[in-house]
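One-based numbering, in listed order, for ligands and for the atoms of each.
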Amino acid sequence: MKNRVKIFDTTLRDGEQAPGCSMNLKEKLEVAKRLELLKVDIIEAGFAISSPGDFESVSAVAETVKDCSVASLARCAEKDIDAAYEALKKAESPRIHIFIATSPIHMEYKLKMSPDEVLEKAAAMVRYAKKLCPDVEFSAEDATRSDPKFLSEIVRTVIKNGANVVNIPDTVGYSTPNEMRSIIEQVIKNVPECEDIELSVHCHNDLGMATANSLSGILGGASQVECTVNGLGERAGNAPLEEIVMALRTRPDIYNADTRIDSTKIYSTSKAVFGIIGRTAPLNKPIVGANAFSHEAGIHQHGVLANRETYEIMTPESVGVSSNSMVLGKHSGKHAFNDALKQLGYTLNKDDLGDCFKRFKVLCDKKKTVSIKDIEALVRNITPEESKHYTLKSYSVHIGHPESATAVITLEKDGKIFKEVSLGNGPVDAAFRAVDKITNPPKYSFENYVIQSVSEGKDSLGEVMTTLRTADRVFTGRGLSTDVIEASIEAYVHTQNKLLDSFRQKEGADCDA
Ligand code: KIV
Ligand code: ZN
């Protein structure tokens, strides 16, 4: 019998708090739905007290997700715990996750508290949380740099006061695999009460050892792993979910442990999360990078053709990378299209399905073959109706050398047509300048422009992501077309819509206050 390891996903909390990874409410809900389909056990949806936006997203995820527990982070303070409890009220299975630092450096310089005060605070706040919620997790922040005796003492204390999950974080990514295993083994040895609770690890990747440390924690006796999709997270990130899940599944002989994750949803979830933050996977990223399953060297290709296992330790299909190149064509109806989406793991509402199907038909006229990758890109690029303040009606660009490029852009908003022309340093710059003249956005800096082909071939769809930064937030929009200028303008208009949305909400909130 394999041991069951629970996956606690913190993409929406630890991942989202990393610079350049912020998401709006809709995006967080999309990620939460995908995590539910992926079958993670717990979704940490945010840090409810940290902002009204976080409170709202924890509430919305709690209300939407049915098949996973939903957690909110809280410091060891009654007001934090109250906010977490309030935000989780509609969750089928809520969890309050409270933390306090236990290392000498954090206690002295950050908390300015003695170890006894920390111990007392942790006990009191776990007791307080337990009265509100049956599922209480306690994290000893910076556990791996804590005095081992003190760590065991606080673990014993919080269990006694009601914590049913205790997490041992390697907050600054300082630990090593041997040490991590030994820390978990020591805690279990010193605190036999750990038998009755879930012991968890949460490893950061500062020295590139987050996956190895998490797996060593499992070997030491941890039964929960905290991780994020694509390893997003503070600084160098958290342990990537996809690596932990596939290491356990590929090496049962070593770990004798498994999760309930549906690994065939890993690739699409990874793509969706990268798409939302406007990034793409590095080519050689394990499991989800474009080269993860490609065999370039002749000797490797020869081996794989003779027997896949010569160079393949897991199949691309097992993580949802499909080798199926063409699924649908020009004559496919909405039914067949919807069936294909379902097989890929997507369930769209009526409006999104209609929108997607329309774009699919347009694509069939432009492209000889429509692949699974194209269909996934169409789904990834659905723009919610309410975010369409401005929509692109038409554009024309003129480029030449040595003169500047010229763009004429026509956008529509609330039935009104706006047209502007601009010169620029190339067609994309000219088009973006013309869009700015229409939307008149608040002050921003242009952070990032990413362009990638969705599939192989010269007629491939181009997917563009543009990211803008304001004083306190970043906004990413996406566009998709076989014409990369059109995809660029769509991405930019989408980003501008999100920026305008957020400023309007802020102005509304300021007026309400
Ligand atoms: O890294 C860390 O210590 C954390 C805790 C809040 C669990 O994210
Ligand atoms: Zn963390």
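- Ring geometry for Phe432 against Tyr492 counts as parallel: the plane angle stays under 30°, on a 0 to 90° scale with 60° as the upper cut.
- Under the 4.5 Å side-chain criterion, counting only non-hydrogen atoms from C-beta, Arg473 is not in contact with Leu499.
- Side-chain polar atoms of Thr467 and Thr476 form a donor-acceptor pair below 3.5 angstrom.
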Could you go through residues 245-255 and list every donor-acceptor pair under 3.5 Å that involves a side-chain atom there, pairing it with any protein atom two or more places apart or in another chain?
from, atom 1, to, atom 2, distance (Å)
Arg249, NE, Asp258, OD1, 3.1
Arg249, NH1, Ile261, O, 2.9
Arg249, NH2, Asp258, OD1, 3.1
Arg249, NH2, Thr259, O, 3.0
Arg249, NH2, Thr259, OG1, 3.3
Arg249, NH2, Ile261, O, 3.1
Thr250, OG1, Met246, O, 2.5
Arg251, NE, Asp253, OD1, 3.1
Arg251, NE, Asp253, OD2, 3.4
Arg251, NH2, Asp253, OD2, 2.8

Show me the side-chain donor-acceptor pairs of residues 269-277 shorter than 3.5 Å, one per line, residues at least two apart or across chains.
from, atom 1, to, atom 2, distance (Å)
Thr269, OG1, Lys265, O, 2.5
Ser270, OG, Asn230, OD1, 2.7

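- Distances under 2.8 Å from the Zn ion (ligand 2) pick out the protein N/O/S atoms Asp14 OD2, His202 NE2, His204 NE2.
- The shortest distance between side-chain heavy atoms of Asn213 and Pro177 falls below 4.5 Å.
- Protein residues with any heavy atom under 4.0 Å from ligand 1: Arg13, Asp14, His97, Phe99, Ser139, Glu141, Asn167, Pro169, Thr171, His202, His204.
- In summary, Asp142 and Lys110 do not engage in a salt bridge, as defined by a charged side-chain N under 4.0 Å from a carboxylate O.
- Minimum heavy-atom separation, Thr171 to Arg235: O-NH2, 2.8 Å.
- For the residue pair Met107 and Ala101, the shortest heavy atom distance occurs at CG-O, 3.6 Å.
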